[in-house]
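Because the structure is a prediction, the values reported are computed rather than measured.
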Amino acid sequence: MADEALFLLLHNEMVSGVYKSTEQGEVENGRCITKLENMGFRVGQGLIERFTKDTARFKDELDIMKFICKDFWTTVFKKQIDNLRTNHQGIYVLQDNKFRLLTQMSAGKQYLEHASKYLAFTCGLIRGGLSNLGIKSIVTAEVSSMPACKFQVMIQKL
Amino acid sequence: MAVCIAVIAKENYPLYIRSVPTENELKFHYMVHTSLDVVDEKISALGKALVDQRELYLGLLYPTEDHKVYGYVTNSKVKFVMVVDSSNTALRDNEIRSMFRKLHNSYTDVMCNPFYNPGDRIHSRAFDNMVTAMMIQVC
């Protein structure tokens with residue numbers, strides 16, 4: 001895998017590029033975040049196809065979430081998720097105490113309001129990966145203190 | 001050497017289906033359709049004894065008098081179905097497995113293609129060429 005700085009810098013440029021490309025009138029936070037999330041979605045679908053090519057078949061939902069926390073996160077961010085919590089009713093909280101895409105930004109409360117822009121792509125990544133594995137979900141992220149962040153995955157039962 | 005190869009999406013509609021003696025295409029389409037039931041049976045939790053739950057290759061789905069049908073399911077629930085001629089007895093399990101591996105690799109490449117929308121029919125020429133190489137040569 002290439003040096004991780006490449007993806008970090010590209011991701012930062014991508015976020016500022018999406019925000020710059022909106023017209024003067026519509027600097028709506030929502031639309032840009034949706035765009036970034038959709039980008040992450042498509043990338044997640046392709047990535048999961050590649051990563052699960054050689055792995056054994058998944059037994060159940062928890063197995064899939066564990067795969068995302070360990071193998072998927074390691075391949076993309078070079079570390080595992082620090083904490084996975086679930087209420088066994090379709091809600092999973094993935095906690096990363098040192099999220100790679102935020103470490104270079106700040107180490108506390110500074111720039112907190114901008115953090116959500118940089119998490120949108122990763123939320124889409126998780127959602128795309130899960131959707132390709134057959135799980136419909138909604139992924140949101142929250143940051144209370146950089147660089148730790150929590151991704152909340154809500155599985156939607158059909 | 002396969003006679004018909006099909007790629008079925010997780011919603012059970014075909015993403016790609018091609019058979020070599022093109023006159024009897026409908027018969028092969030029908031065969032692939034009926035094999036979907038067998039695939040579902042094999043991957044359901046009830047059939048635990050039938051196939052190793054961790055493996056992607058499903059093996060022989062069902063034999064007919066002229067043809068044998070093999071199946072393979074990816075982790076993203078996309079199914080590959082291959083129909084081979086029964087008269088071709090030289091074809092061993094290992095060869096079928098390697099053909100499915102090649103199919104899976106090509107499918108992954110199609111998935112990562114930015115011009116491909118997941119869920120559309122597969123039009124990729126590279127995929128076509130790979131499938132042609134696997135099909136039987138009928139004059």
Side-chain angles (χ1 to χ4, degrees), chain A residues 1-2 7 10-11 14 17-18 35-76 121 124-137 153 155-158, chain B residues 7-13 15-16 36 39-59 71-80 97-120 122 124 126-127 130:
Chain A
M1 283 271 172
F7 174 58
L10 182 64
H11 179 256
M14 204 166 70
V18 166
K35 242 191 255 193
L36 286 164
E37 219 248 349
N38 287 336
M39 280 195 234
F41 184 79
R42 182 68 185 92
V43 173
Q45 284 181 315
L47 273 181
I48 278 284
E49 193 66 51
R50 260 198 209 281
F51 294 159
T52 57
K53 202 161 50 135
D54 300 308
T55 56
R57 200 143 6 114
F58 296 119
K59 287 197 292 278
D60 58 9
E61 215 171 76
L62 191 59
D63 219 19
I64 296 183
M65 289 311 295
K66 282 199 239 177
F67 172 79
I68 299 251
C69 294
K70 293 198 216 148
D71 301 307
F72 190 66
W73 220 254
T74 316
T75 329
V76 180
F121 183 79
L125 209 66
I126 303 177
R127 189 166 69 92
L130 287 175
S131 122
N132 210 13
L133 292 168
I135 300 182
K136 270 200 166 45
S137 57
V153 179
I155 311 276
Q156 300 192 294
K157 301 279 181 217
L158 293 151
Chain B
V7 179
I8 318 258
K10 69 163 106 69
E11 291 88 6
N12 287 336
Y13 62 87
L15 292 173
Y16 183 88
L36 288 178
V39 172
D40 276 334
E41 193 185 294
K42 291 224 173 198
I43 61 180
S44 74
L46 302 163
K48 236 181 264 245
L50 295 169
V51 95
D52 183 11
Q53 280 297 85
R54 313 282 285 165
E55 247 203 50
L56 303 176
Y57 174 67
L58 297 174
Y72 181 101
V73 180
T74 68
N75 266 318
S76 48
K77 304 288 173 281
V78 167
K79 307 158 184 97
F80 299 130
R97 272 178 207 263
S98 71
M99 281 161 86
F100 274 125
R101 265 251 77 79
K102 269 197 280 190
L103 260 177
H104 196 172
N105 287 341
S106 291
Y107 175 72
T108 312
D109 288 337
V110 166
M111 204 44 183
C112 293
N113 185 349
F115 297 114
Y116 171 72
N117 279 324
D120 291 348
I122 297 179
S124 155
F127 194 79
M130 191 257 338

Heavy atoms of other groups near Phe115(B) CZ, more than 12 under 6.0 Å: no

Shortest non-hydrogen separation from [X] to [Y] and the atoms involved:
X: Asn75(B); Y: Leu133(A); answer: O-CD2, 3.5 Å
X: Met111(B); Y: Gln45(A); answer: CE-CB, 4.1 Å
X: Gly46(A); Y: Cys112(B); answer: O-SG, 3.7 Å

Start with the C-alpha gap between Arg50(A) and Asn105(B), add the side-chain angles, then the distance that decides, and say whether side-chain contact (heavy atoms from CB on, under 4.5 Å) holds. CA-CA 8 Å; Arg50(A) 260 198 209 281; Asn105(B) 287 341; over 6 Å; no

Contact class of Asn113(B) relative to chain A, heavy atoms under 4.5 angstrom: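 Looking at Asn113(B), just its backbone touches chain A.
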
Set of side-chain contact (heavy atoms from CB on, under 4.5 Å) partners for Ser76(B), sequence neighbours left out: Glu49(A), Asn132(A), Thr74(B), Val78(B)

Kindly write out the residues that satisfy side-chain contact (heavy atoms from CB on, under 4.5 Å) with Arg101(B), not counting sequence neighbours, or none if the list is empty. Lys53(A), Asp54(A), Tyr72(B), His104(B)

